[in-house]
Amino acid sequence: MRQVVTTTTGDVDVLKVEEKPDPKPGDGEVLIRVKASGLNFADILSRQGLYPDSPPKPCVMGYEISGVIEQVGKGVDQQLLGKAVVAMTRFGGQSDLVVVKARQMFEKPERLTFEQAAALPVNYLTAYALLVVMGSLHEGESVLIHNAGGGVGLAALDIAKKIGAVTYGTASPSKHRFLKERGLDYPIDYRNEDWSARLKELTKERGVDLILDPIGGAHWKKSYAALRHTGRLGMFGVSTASATGVSGKLKMVKAALQMPRFHPIALLNKNRGVFGLNLGHLWHEPEKVAGWMKAILGGVEEGWINPHVDRAFRFEEAGAAHRYLEERRNIGKVVLVP
Ligand SMILES: NC(=O)c1ccc[n+]([C@@H]2O[C@H](COP(=O)([O-])OP(=O)(O)OC[C@H]3O[C@@H](n4cnc5c(N)ncnc54)[C@H](OP(=O)(O)O)[C@@H]3O)[C@@H](O)[C@H]2O)c1
């Protein structure tokens with residue numbers, strides 16, 4: 001089989017397609033022939049040497065796949081052979097073949113292509129945990145989704161619209177038209193104007209009930225200040241540090257130094273909440289995650305969850321796919337196909 005290997009830390013030329021022996025499913029496992037594999041911002045940060053959860057290099061990234069079951073191990077229902085599925089993978093998903101525990105996979109919704117199905121797990125589980133589970137977003141409340149045009153951003157928009165919230169979103173201006181069409185109420189051009197001043201104006205100085213912030217560093221402080229009373233801030237990424245080489249390391253140090261400290265008494269007096277999320281640290285909670293995935297698949301069935309795949313790149317084009325995300329050219333998901 002072939003795999004996309006991040007051979008070492010560096011620029012996109014460190015990504016190589018390499019041949020490896022085919023894996024075999026063990027007890028309770030299945031072998032999946034991959035049709036599409038999700039690319040995530042974590043893969044970029046890993047290549048840049050800025051992702052603490054990255055496996056040691058050389059490594060194969062990939063948290064999610066869709067494909068067809070080709071073999072089943074002992075104790076797994078033979079009738080699963082040939083079934084189309086979507087699965088979460090603890091790395092290694094950017095491969096022709098992947099072995100996963102049978103409980104880590106779900107039936108692929110028929111109305112989604114393989115590429116769309118591979119766009120479900122990371123983006124939608126993250127958005128669901130942020131908005132529904134931890135952010136407790138309610139009908140009539142307001143939410144600010146930073147990077148609303150990205151993979152997690154568009155997933156959050158689908159869920160926030162279903163809840164019936166008023167939606168604000170920051171994004172590069174080229175993405176605003178698309179976002180309006182997807183139902184975003186108030187796009188904000190954070191690249192060319194101060195988003196917090198614009199948000200104040202739009203909310204008549206009140207702020208919003210929930211903010212999803214994957215940018216990190218000093219940005220978290222700014223987001224916290226933009227909350228309404230009883231507002232919550234969900235922190236889940238440090239994309240501000242993204243850069244190759246020494247520049248990335250320096251940006252990460254700067255982001256760490258500028259991160260806010262939240263004092264309990266200040267939270268109490270201001271009626272605010274802050275929380276963090278790392279989906280990659282939830283492997284020991286499979287029942288919870290499976291419950292969220294069930295709700296997401298239900299949303300696909302009902303038609304309010306619609307993963308948007310911007311582009312599919314072949315494994316050999318993984319470098320171009322990384323570049324595409326780094327240059328902020330994506331709207332929604334980028335996937336790799338064998
Ligand atoms: N904690 C978790 O469990 C978890 C799970 C999934 C993702 N995340 C985090 O969520 C964020 C979004 O992830 P994603 O996979 O959905 O990626 P993405 O949002 O699809 O792609 C990146 C987008 O982020 C924006 N961006 C902001 N700062 C950027 C920078 N310095 N360099 C490049 N782009 C930047 C750009 O949109 P604009 O054009 O609008 O600037 C870009 O298009 C990342 O920080 C990621 O690490 C966290």
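Counting from 1, the numbers follow the sequence of the chain as shown. Order of listing sets the numbers, starting from 1, for every ligand and every atom in it.
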**Request:** Quick one: pull up CE in M235 and NE2 in H219 and give me the separation to the nearest 0.5 Å.
**Result:**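 These two atoms lie 13.0 Å from each other.
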Do the side chains of [Y] and [X] get nearer than 4.5 Å, heavy atoms only?
X    : Y    : answer
W292 : E285 : no
C59  : V5   : no
F315 : R2   : yes

Option nearest [atom] (shortest heavy-atom distance, choices [options]):
atom                    : options               : value
atom 20 (O) of ligand 1 : G151, S172, G276      : G151
atom 17 (O) of ligand 1 : Y51, Y190, F41        : F41
atom 43 (O) of ligand 1 : L212, D310, N330      : N330
atom 25 (C) of ligand 1 : L279, N147, L130, D53 : N147

**Item:** K200, NZ: over 12 other non-hydrogen atoms inside 6.0 angstrom
**Value:**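 No, the 6.0 Å shell around NZ holds no more than 12 heavy atoms from other groups.
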**Prompt:** Is atom CD of Q79 surrounded by more than 12 heavy atoms (other residues, nucleotides or ligands) closer than 6.0 Å?
**Reply:**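 12 or below, so no.
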**Request:** For V274 and R232, run side chain to side chain contact (heavy atoms under 4.5 Å, CB included): C-alpha distance rounded to whole Å, both residues' side-chain angles, the deciding distance at 0.1 Å, then the answer.
**Result:** CA-CA 5 Å; V274 290; R232 293 83 68 193; over 6 Å; no
Which of the atoms in ligand 1, numbered in the order shown and given with their element, are less than 4.0 Å from a heavy-atom of [X]?
X    : answer
N278 : 1 (N), 3 (O)
L277 : 1 (N), 2 (C), 3 (O)
A171 : 40 (O)
V122 : 6 (C)

Protein contact of [atom] - nearest heavy atom, named by residue and atom, plus distance:
atom                    : result
atom 11 (C) of ligand 1 : P214 CB, 3.5 Å
atom 26 (N) of ligand 1 : R328 NH1, 3.6 Å
atom 16 (O) of ligand 1 : V152 N, 3.0 Å
atom 19 (O) of ligand 1 : G150 CA, 3.2 Å
atom 4 (C) of ligand 1  : F236 O, 3.8 Å
atom 31 (N) of ligand 1 : S239 O, 3.0 Å
atom 33 (C) of ligand 1 : E326 O, 3.5 Å
atom 5 (C) of ligand 1  : T126 OG1, 3.2 Å

**Request:** Identify the residue among T9, T7, D11 that makes a side chain to side chain contact (heavy atoms under 4.5 Å, CB included) with R47.
**Result:**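 That would be D11.
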**Prompt:** When the ring centroid of Y190 is compared with that of H146, is the distance short of 6.0 Å?
**Reply:**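 Ring centres of H146 and Y190 not closer than 6.0 Å.
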**Request:** Keeping the roles fixed (side chain from D185, backbone from T167), state whether a donor-acceptor pair exists under 3.5 Å.
**Result:**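 Judged by distance alone, yes, a pair lies under 3.5 Å.
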**Criterion side chain to side chain contact (heavy atoms under 4.5 Å, CB included) on I211 and Y168, from CA distance to verdict** = CA-CA 9 Å; I211 301 184; Y168 300 81; over 6 Å; no
**Asked** What part of I215, side chain, backbone, both or neither, has a heavy atom within less than 4.0 angstrom of ligand 1?
**Response**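 Answer for I215: neither.
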